Novice: 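What follows is a single structure, and I will ask about it in a moment.
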Amino acid sequence: MSSLDLSIEQTDWLLSAEGLAALLPQAERRLGEMAAGERRAQEEILTVFGDTVARIDRARVALKSRDILQRPATFTDAATVVRNGLACVSASFPGLNFDLRGNFCSFSHRRSASVLEAARSPDRNVYGWALEHRPVRELEDADLAVVGISVSADTQLIAALTVARHVKRHRPDVHVVMGGNLTTRMVSRWKEEHPFFAYVDSFVSYEGEDALPALCDRIAGADDRPVPGLLERDGRGGLLRSPAAMVDVSDLPTPDFDGLPLDRYFAPGPVLPLQASRSCAWDCAFCSIPFASNKFRIRRPDQVVHDMATLAEKHGTDTFMFVDEILTLTSLRGVSRELIEQKHQFFWYGETRFSKGLDDELAAALRRSGCRRLDLGLESYNQRVLDLMRKGTKVADIEPSLHALLSNRVPVHLFCMTGFPGETEEEALRTQDFAAAALRRSAEEYDVPYSTAANGPFVLDVLSPVGERPDQFGVELIPPAEGEDLAFDLDYAVTEGLSQDDAVRLTSSGPGAVAGSAFHDGAWIGDAEEWSFLWAMAEAELPPRRIAVPVVRCPGVSARSSVRLADGVHARVPVAGEEILLHVPSADALLSVPREWGVLADGQVREVAELWERATSTRAAAATLTRLAAHGAVTVEPANAFEELVPRWYTAHPHEVVDSRSDGSCLLVSPETGRKIMVSAAGRLVWLLSADGVTTSELSARSRLPKERLHPLLDDLTRHGVLARASLHPELLRPPLPTGAV
């Protein structure tokens with residue numbers, strides 16, 4: 001028996017120079033098929049494509065090296081390239097949002113018919129396309145008899161059925177069996193033969209450690225014992241079900257990762273998963289985990305530590321992640337004690353809950369044993385809401401647990417939930433404020449900068465207690481749309497408290513995306529749990545979320561100065577529109593400039609005078625040249641030395657105001673870099689006055705700001721890329737002569 005992680009095999013190839021180069025024609029073809037209003041975003045991605053192909057392989061190598069943990073700027077650069085690579089893959093298929101967490105496409109994983117259509121549509125399905133370009137070589141093995149596919153989440157379902165179809169097309173003699181958490185939930189609804197049997201011969205519910213060997217023995221003719229949890233066709237349109245059996249986790253061997261490409265995952269590692277327990281000891285009202293996980297069971301601490309030591313020796317790793325639904329205090333105490341007593345030097349993290357027993361003594365032991373992160377289900381900082389959730393947590397225990405962990409330098413991750421039925425907006429905001437304050441205290445008071453938090457809206461799972469007994473929680477279920485037979489989360493209405501829309505509003509990332517720079521909306525891979533854990537493990541400096549852009553000035557420019565695109569900058573002339581797109585990798589920027597600047601696209605040196613001849617406005621041309629220079633998009637060389645010129649201030653980006661406050665302050669967002677900055681009313685005024693270029697004295701007069709306030713404000717706005725400074729010869733600022741004038 002062997003394992004194949006087809007997900008990382010194909011993702012690693014898609015995010016390679018070879019894979020992206022193969023996708024580029026696909027992305028170019030899509031441009032011609034799109035509606036006019038959708039083409040701008042596609043043009044942006046195509047502008048970035050070439051640089052991404054050139055740099056993606058180096059970025060992948062960098063991210064997989066342990067050295068990256070001590071090189072924050074290198075990490076940010078590599079992560080930016082990979083993020084752009086994810087955007088390039090996404091742009092190659094309709095409706096695709098491809099990232100390293102979960103992928104969504106134009107097909108719905110909530111409809112069986114749509115999942116099957118996706119499996120048969122390689123031109124619109126990234127998984128089918130990848131399999132056509134890189135078939136599964138293991139299918140050539142003549143001894144292959146059984147293929148098992150594990151599906152734990154709904155976002156994996158389209159990929160799973162696509163793989164199953166691929167197997168059946170190439171090896172119809174092979175038995176395909178599907179299992180996993182989602183499979184258990186999915187087949188529990190079936191009353192008759194399901195269309196998925198077209199590509200899957202059988203399904204296994206619940207645990208597979210006993211079921212899969214029994215199925216293999218039955219197919220090989222070695223044994224005819226019952227297969228626990230097996231679901232098959234009865235040949236008459238019905239189903240045959242075998243009772244599921246619960247595995248004794250104490251009898252399980254050490255996890256086996258043989259055959260998996262542990263060097264190809266997008267993090268320095270490997271970071272190996274293992275379990276100290278299975279299922280959950282609690283019954284929270286919002287959760288369906290107990291439905292598909294059998295009863296809670298625990299593995300002995302000495303067995304867990306033996307697993308860690310065995311895997312460390314075999315795979316040369318010292319880092320582990322516990323994938324338990326919850327690490328109980330019993331597991332935390334036992335595992336940390338065993339690691340300390342056996343003097344192992346491993347690093348690990350896992351998930352638990354706040355409780356009175358999570359005290360200073362335990363936190364100190366966790367730190368000594370190598371724990372460098374604990375994920376905690378905070379959910380709410382309101383006792384009334386926690387009681388509604390049947391969480392079993394006391395607010396009074398939260399602060400002491402946090403203090404114990406952070407004072408022992410164990411970073412935390414806080415899971416928060418907004419909109420549980422009955423929660424008020426005041427209560428939701430209290431939780432958000434508490435989580436934000438906890439992160440500030442972690443960094444400032446405890447010198448633990450690695451703590452994080454996530455807040456999402458309540459999702460109503462039909463197999464959770466709320467979904468099964470909605471009347472007890474003041475909830476009315478809204479049936480899924482016609483044909484959504486695979487929908488496990490439903491819309492709902494509540495009798496009191498926050499509505500579903502309110503919960504989404506309160507947990508959204510703020511104002512919607514501004515026009516431009518579609519690739520900046522992609523996933524930031526540094527937010528993954530593994531990265532926070534690894535930085536804490538290495539006690540490393542946290543990397544900046546964006547590439548550091550040096551302040552570039554544009555001094556002494558005259559009509560005879562020369563200008564050209566900077567090295568590495570790529571220009572694209574869109575199919576339609578009055579603009580040119582420039583990708584500047586060194587600034588992680590995508591600039592839009594008037595079409596007359598397209599003369600620079602060939603990379604040749606031009607005189608500034610030539611650009612001014614094409615400009616319809618000298619003021620606009622001066623602002624554009626300053627903006628290009630500020631981003632490092634062009635290099636400008638003066639023709640000769642001349643008198644000192646009075647510098648002028650220009651807006652460095654076409655920022656958009658997306659959030660105005662009553663005090664006059666606002667949030668500025670640059671569509672060219674994705675950067676956001678909150679500015680005061682004075683900063684907003686200075687930004688507006690600098691649109692067409694203005695001297696310091698003119699700014700002082702128009703804004704009525706004293707010099708002692710204006711100068712620091714200019715420095716701050718320049719440092720954050722809102723303003724740029726340039727010294728242009730007066731001849732470049734004169735209005736052009738009217739046509740026909742002498």
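Along the sequence shown, the residues carry numbers beginning at 1. Note that this is a predicted model, so its numbers are computed, not measured.
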Novice: Examine distances only and state if a side-chain atom of Glu423 and a backbone atom of Gly497 form a donor-acceptor pair shorter than 3.5 Å.
Specialist: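 Side chain of Glu423 to backbone of Gly497, a donor-acceptor pair under 3.5 Å: no, none is there.
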
Novice: Whether Asp99 and Arg83 form a salt bridge (side-chain N of Lys/Arg under 4.0 Å from carboxylate O of Asp/Glu) is what I want to check.
Specialist: no

Novice: I'd like to know if the side chain of Asp223 reaches the main chain of Asp217, judged simply by a donor and an acceptor atom lying under 3.5 Å from each other, with no hydrogens or angles considered.
Specialist: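 Not a single qualifying donor-acceptor pair exists.
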
Novice: Okay, side chain of Asp201, backbone of Val177: is any donor-acceptor separation there less than 3.5 Å?
Specialist: no

Novice: Answer yes or no: is there a donor N or O on one side and an acceptor on the other, between the side chain of Arg233 and the main chain of Leu239, under 3.5 Å?
Specialist: no

Novice: Without swapping roles, check the side chain of His315 against the backbone of Thr317 for a donor-acceptor pair under 3.5 Å.
Specialist: no

Novice: Looking at Arg110 and Asp154, is any side-chain nitrogen of the basic one under 4.0 Å from a carboxylate oxygen of the acidic one?
Specialist: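 Salt bridge absent between Asp154 and Arg110.
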
Novice: Do Glu132 and Arg165 meet the salt-bridge criterion of a basic N to acidic O distance under 4.0 Å?
Specialist: no

Novice: Using a strict 4.0 Å threshold on nitrogen-to-oxygen distance, state whether Arg264 and Asp12 make a salt bridge.
Specialist: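 A salt bridge links Arg264 with Asp12.
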
Novice: Hey, is the main chain of Val187 close enough, under 3.5 Å, to the side chain of Ser205 for a donor-acceptor pair?
Specialist: no

Novice: Report the distance from atom CD1 of Ile289 to atom OG of Ser464, rounding to the nearest 0.5 Å.
Specialist: 11.0 Å

Novice: Can you label the angle between the Phe196 ring and the Trp190 ring as parallel, tilted or perpendicular, going by 30° and 60°?
Specialist: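 The arrangement is perpendicular - the two ring planes meet at more than 60°.
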
Novice: Suppose we call two aromatic rings close when their centres sit under 6.0 Å apart. Are Phe346 and Phe320 close by that rule?
Specialist: yes

Novice: With a 4.0 Å cut-off, would you call Arg297 and Glu207 a salt bridge?
Specialist: yes

Novice: Kindly indicate whether a cation-pi arrangement holds for Arg169 with Tyr199, taking the cut-offs as under 6.0 Å to the six-membered ring centre and within 45° of the axis.
Specialist: no

Novice: Does the ring centre of Phe197 sit less than 6.0 Å away from the ring centre of Phe203?
Specialist: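 Distance test on ring centres: under 6.0 Å, yes.
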
Novice: Could you measure the distance from the CZ atom of Phe322 to the OG atom of Ser331? Nearest 0.5 Å is fine.
Specialist: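 OG of Ser331 is found 8.0 Å from CZ of Phe322.
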
Novice: If only atom types and distance count, is the side chain of Ser90 paired as donor or acceptor with the main-chain N or O of Phe98 below 3.5 Å?
Specialist: yes

Novice: To the nearest 0.5 Å, what is the distance between CG (Asp375) and OG1 (Thr452)?
Specialist: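 It is 7.0 Å, given to the nearest 0.5 Å.
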
Novice: Ring centroid separation for His109 and Phe107, is it under 6.0 angstrom?
Specialist: no

Novice: Are Asp485 and Arg189 within salt-bridge range, i.e. N to O under 4.0 Å?
Specialist: no

Novice: Could you tell me whether the side chain of Arg171 and the main chain of Leu144 form a donor-acceptor pair under 3.5 Å?
Specialist: yes

Novice: Charged N to carboxylate O under 4.0 angstrom, Arg278 versus Glu209?
Specialist: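 Glu209 and Arg278: salt-bridged.
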
Novice: Do the charged groups of Asp283 and Arg390 touch, with an N to O distance under 4.0 Å?
Specialist: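 Yes, this pair counts.
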
Novice: Do Lys64's NZ or CZ and the ring of Phe266 fall within the cation-pi criteria of under 6.0 Å and 45°?
Specialist: yes

Novice: Please check: side-chain N/O of Glu338 versus main-chain N/O of Gln303, any donor-acceptor pairing under 3.5 Å?
Specialist: no

Novice: Quick check on Gln472: does its CD atom have over 12 non-hydrogen neighbours (other residues, nucleotides or ligands) under 6.0 Å away?
Specialist: yes

